[in-house]
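Below, chains carry the letters A, B, ... as their sequence lines are ordered, and counting in each starts from 1.
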2 protein chains.
Amino acid sequence: MSPKRALTRNQALVLQTLTASEEPLSAYAILDRLRDDGFRAPLQVYRALDALLQTGLVHRLDSLKAFVACAHPHEHADEAMVAFAICESCGRVWEFSDSKIEDRFAAWAAAEDFVTKTTTFEISGLCAACRKAQGPAGPGV
Amino acid sequence: MSPKRALTRNQALVLQTLTASEEPLSAYAILDRLRDDGFRAPLQVYRALDALLQTGLVHRLDSLKAFVACAHPHEHADEAMVAFAICESCGRVWEFSDSKIEDRFAAWAAAEDFVTKTTTFEISGLCAACRKAQGPAGPGV
DNA sequence: ACTCCAATGTTATATCATAACATCTCTTGC
DNA sequence: GCAAGAGATGTTATGATATAACATTGGAGT
């Protein structure tokens, strides 16, 4: 979809920041981490994010209002349906896709004559490591 | 999940507003429509929405930052995975669920030992009516 | 009538995102 | 080399979404 341009300096900095982070970051969190690199205003972050979202190098998690580096930057070009599992406790994100789910949804869309443009598929919960750490009783919240 | 309480006045007003609307509404759009009923501050809307979301009478569409009345208020108690198809053109929302998709996702979760709490599944695109209205060439954007 | 508790009202503020316009920095053609 | 154009960047201001903190009200049960 996008003609694979080299990243600009700002885009590279934002992408590095997201790649280095264990968890998704909000635009303002990214801004804070890039103050020393000369970032002063949210727009600098949002503009870089827009470009990175276009090329599929970054995803936005609507349910968190935050951004993550794509785990598989080569494979999908913003076209495939990607799902995200987000651990509420540690914040880590698992990215996966399932062609059977895709087919199944495509069947619904065909039946309703609906043309899909974008998908948002996000699951919140607790990952295995966090549940073990918190013990069998589970966390209060 | 929630002990089925009667709605308060504010909750009833917010729910009526959403039910009467053809499209999802932002909290501030709801506020504007309820000025004549004495609503003055966003918090009045957000508090009512919180209660309605708890009981499953309303859904939040993260991709739109907006809210819709649930199409099937009786069936699911916030537990089932519900998907939303949203027409970019007319704003209408189709709500559906598919047990095969649910099973398929459950299989992934079991394999990864991930415990699901909440799901966000939203698809944006164009509905049949809007595509017909705009002609076979489709819209510019 | 009194007490308690939930709902409500009100003000202020936090957080997320974009509009509008000035400036810089390459590249390209000359 | 240098002017012109295009894209990227910087900067200020503002819009849009959401919540914190605390005062007030109103009804259920006694």
Side-chain angles (χ1 to χ4, degrees), chain A residues 2-18 21 23-55 57-68 86 91 118 120 122 124 141, chain B residues 2-18 21 23-55 57-68 86 91 118 120 122 124 141:
Chain A
S2 12
K4 191 162 272 193
R5 301 176 56 79
L7 296 182
T8 67
R9 170 184 147 86
N10 284 5
Q11 289 161 22
L13 286 168
V14 167
L15 182 56
Q16 283 163 28
T17 304
L18 285 175
S21 172
E23 324 170 35
L25 297 176
S26 74
Y28 280 71
I30 296 169
L31 175 59
D32 284 342
R33 300 190 183 200
L34 290 176
R35 297 264 179 212
D36 293 344
D37 294 287
F39 276 53
R40 319 243 95 231
L43 247 193
Q44 296 174 276
V45 177
Y46 281 110
R47 283 203 279 234
L49 285 172
D50 283 346
L52 295 167
L53 290 167
Q54 288 290 321
T55 57
L57 292 173
V58 161
H59 300 289
R60 184 190 142 93
L61 299 176
D62 286 331
S63 61
L64 299 181
K65 301 178 230 223
F67 303 85
V68 279
I86 304 160
T118 66
T120 300
E122 302 168 21
S124 265
V141 165
Chain B
S2 12
K4 190 161 273 194
R5 299 176 56 81
L7 297 182
T8 67
R9 170 185 147 87
N10 285 4
Q11 288 162 22
L13 285 168
V14 167
L15 182 56
Q16 283 163 28
T17 303
L18 285 174
S21 173
E23 324 168 34
L25 296 176
S26 74
Y28 281 73
I30 296 169
L31 175 59
D32 284 341
R33 300 190 183 200
L34 289 176
R35 296 264 180 213
D36 293 345
D37 295 288
F39 276 53
R40 320 243 93 230
L43 215 50
Q44 296 174 277
V45 176
Y46 281 111
R47 282 204 280 235
L49 285 172
D50 283 346
L52 294 167
L53 290 166
Q54 288 290 321
T55 57
L57 292 173
V58 162
H59 299 289
R60 184 190 142 93
L61 299 177
D62 286 331
S63 61
L64 299 182
K65 303 179 232 235
F67 303 85
V68 279
I86 304 161
T118 65
T120 299
E122 301 168 21
S124 265
V141 167

* Asked: Any sub-3.5 Å donor-acceptor pair from A:Ser21's side-chain atoms to A:Thr17's backbone N or O?
  -> no
* **Along DNA chain C (nearest heavy atom to each residue), the more 5'-positioned of A:Phe67 and B:Gly38** => B:Gly38
* **Separation of atom CG in B:Leu43 from atom P in C:dA7, rounded to whole Å** => 14 Å
* Among the candidates C:dG9, C:dA17, D:dT11, find the nucleotide nearest to the side-chain atoms of A:Arg60. => C:dA17
Using residues 60-68 of chain A as the side-chain source, report each donor-acceptor pair under 3.5 Å to any protein atom, sequence neighbours left out, with the distance given to one decimal.
from	atom 1	to	atom 2	distance (Å)
A:Arg60	NE	A:Asp62	OD1	2.7
A:Asp62	OD2	A:Thr120	OG1	3.3
A:Ser63	OG	A:Glu122	OE1	2.4

* **With B:Leu15, the side chain to side chain contact (heavy atoms under 4.5 Å, CB included) member among B:Val58, B:Thr55, B:Asn10** => B:Val58
* Structure fact -> Of A:Ala48 and A:Tyr28, the one whose closest nucleotide on DNA chain D sits nearer the 5' end is A:Ala48
* What's the CD1-P distance between A:Ile30 and C:dT15, to the nearest Å? -> 16 Å
* Measure from CG on B:Leu25 to C1' on D:dT17 and round the result to the nearest Å. => 15 Å
* Asked: With a 4.5 Å heavy-atom cut-off, do A:Leu34 and A:Gln44 have their side chains touching?
  -> no
* Asked: Could you state the CG-P distance from A:Leu64 to C:dT15, rounded to the nearest angstrom?
  -> 16 Å
* Asked: With A:Leu57, which of A:Val14, A:Leu7, A:Leu49, A:Leu18 fulfils side chain to side chain contact (heavy atoms under 4.5 Å, CB included)?
  -> A:Leu7
* Give the rounded distance in Å between these two atoms: CZ of A:Arg9 and P of D:dA8. => 15 Å
* Asked: Within this structure, what is the CG-to-C1' distance between A:Asp62 and C:dT15, rounded to whole angstrom?
  -> 16 Å
* Asked: Over how many whole Å does the gap from A:Asp32 atom CG to C:dC16 atom C1' extend?
  -> 13 Å
* Asked: B:Thr8 side chain: which of C:dC16, C:dA7, C:dT10 is closest?
  -> C:dA7
* To do: Scan A:Arg40 against the nucleic acid and name what it touches under 4.0 Å (heavy atoms): base, sugar-phosphate only, or nothing.
  => sugar-phosphate
* In terms of side-chain heavy atoms of B:Gln44, which of C:dG9, D:dT11, D:dT19 is nearest? -> C:dG9
* Check whether the side chain of A:Tyr46 and the base of C:dA19 form a donor-acceptor pair under 3.5 Å. => no
* In whole angstrom, what separates B:Leu49's CG from C:dA7's C1'? -> 15 Å
* Just to confirm, is there a sub-4.0 Å distance from OP1 or OP2 of D:dA18 to any side-chain nitrogen or oxygen of A:Lys65? -> yes
* Which nucleotide sits closest to the side chain of B:Arg47: D:dG10, C:dC16, C:dG9? -> C:dG9
